[in-house]
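Naming: A, B, ... by sequence-line order, numbering from 1 per chain.
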Amino acid sequence: MSLTVCTWNINSVRIRLDIVRAALERLRPDVLCLQETKCQDDKFPLNAIRDLGFPHIALNGQKGWHGVATFSKRPFARIEKGAFCGKGDARHIAVTLDGAHALGKPLTIHNFYVPAGGDIPDPELNPKFAHKLAFLDEVTAWPALKADAAGDGHAIVVGDLNIAPLETDVWNHKQLLTVVSHTPVEVERLGAFQASGPWVDVMRRFVPPQEKLFTWWSYRSPDYTANDRGRRLDHVWASESLAPSASAMTVLKDARGWDKPSDHVPVAMTFG
DNA sequence: ATGGTGGAGAATCCA
């Protein structure tokens with residue numbers, strides 16, 4: 001008995017239902033967390049998702065951009081939507097499964113879409129970068145999240161965190177030190193967020209920090225396989241109580257080469 | 001130093 005959680009920045013859920021189906025057939029998750037759904041809740045393809053075997057659907061969407069959604073084979077005992085930085089941005093949803101599953105305890109899954117931060121890595125010059133840092137600070141200080149990490153149940157943080165923290169999380173560490181997603185100030189903020197749980201970076205239990213590991217390849221390159229210029233922007237963190245149960249991981253790199261791909265690929269983590 | 005591509009949704013804005 002096990003439980004698999006998958007996270008994927010889908011970059012528009014409505015135009016990629018076919019590859020959502022394909023990824024589900026490959027990964028067979030119990031829970032799928034999507035980011036960048038780019039879909040208002042009242043326009044969400046609920047029936048298509050139910051037909052894929054996910055009767056329980058939690059939405060936090062908005063028109064045009066951002067948006068997160070979590071689908072589950074098991075019912076939700078609780079759904080919570082965080083609002084950060086005084087904005088109405090749809091960048092978080094948390095669901096709690098009761099203890100009637102393989103892990104035997106209530107499980108809360110936080111699904112995040114952290115602001116990308118624009119192009120200039122200076123909060124004085126670039127309000128988007130300032131927003132990214134402020135968002136991370138607010139999440140780090142969020143009492144509900146810390147309580148989940150330290151609570152009696154299990155907890156997971158997944159999502160597009162838009163930061164590649166390790167040297168091996170980017171194709172060229174030195175070259176990307178000044179590129180938003182890998183700058184020291186962001187990496188420090190992400191580290192503070194991770195330490196606030198504390199949360200365990202379970203992906204790196206399967207691929208050691210000495211080895212490169214990517215989940216995103218830019219659209220702005222004609223061939224994503226050329227020189228493998230990727231970054232690890234998507235993450236799975238587990239509470240300390242849950243981390244030892246992580247038993248398998250798949251980064252579905254093939255998905256970057258599918259028809260009409262997202263620029264991110266799905267990451268599936270099995271527990272138990 | 002720049003531009004490269006892709007989605008939303010109606011001109012750019014965002015990634």
On the six-membered ring of A:Phe214, is A:Lys253 placed so that its NZ or CZ lies under 6.0 angstrom from the centre and within 45° of the ring axis?
no
Geometric cation-pi criterion, A:Arg229 with A:Trp171: 6.0 Å, 45°:
yes
Using the heavy-atom set of chain A and a strict 4.0 Å cut-off, write down the first and last nucleotide of DNA chain B that makes it in, 5' to 3'.
B:dG4 to B:dA15
Please go through A:Leu125's hydrophobic cluster and name the other residues, only I, L, V, M, F, W, Y counting, with side-chain heavy atoms under 4.5 Å joining them.
A:Ile120
A:Gln35 versus A:Asp160, side-chain donor and acceptor atoms under 3.5 Å:
no
Give a yes or no on whether A:Val95 and A:Met269 share a hydrophobic cluster (residues Ile, Leu, Val, Met, Phe, Trp, Tyr; joining criterion: side-chain heavy atoms under 4.5 Å apart).
yes
So if you build clusters from Ile, Leu, Val, Met, Phe, Trp, Tyr with side-chain heavy-atom gaps below 4.5 Å, do A:Phe206 and A:Leu213 land together?
yes
Hey, does A:Tyr113 reach any base, or is it just sugar-phosphate, or nothing, if we go heavy atoms under 4.0 Å?
sugar-phosphate
Look at all strands and tell whether A:Ser221 reaches a base, only sugar-phosphate, or nothing, counting heavy atoms closer than 4.0 Å.
nothing
Rounded distance in Å between the [atom1] positions of [N] and [M]:
N      : M      : atom1 : result
B:dT2  : B:dG6  : P     : 23 Å
B:dT5  : B:dG9  : P     : 23 Å
B:dG4  : B:dC14 : C1'   : 16 Å
B:dA15 : B:dG3  : C1'   : 15 Å

Starting at the 5' end of DNA chain B and moving along, which residue's nearest nucleotide shows up first, A:Arg16 or A:His264?
A:Arg16
DNA chain B: 5'-proximal contact among A:Asn11 and A:Gly118 (nearest heavy atom):
A:Asn11
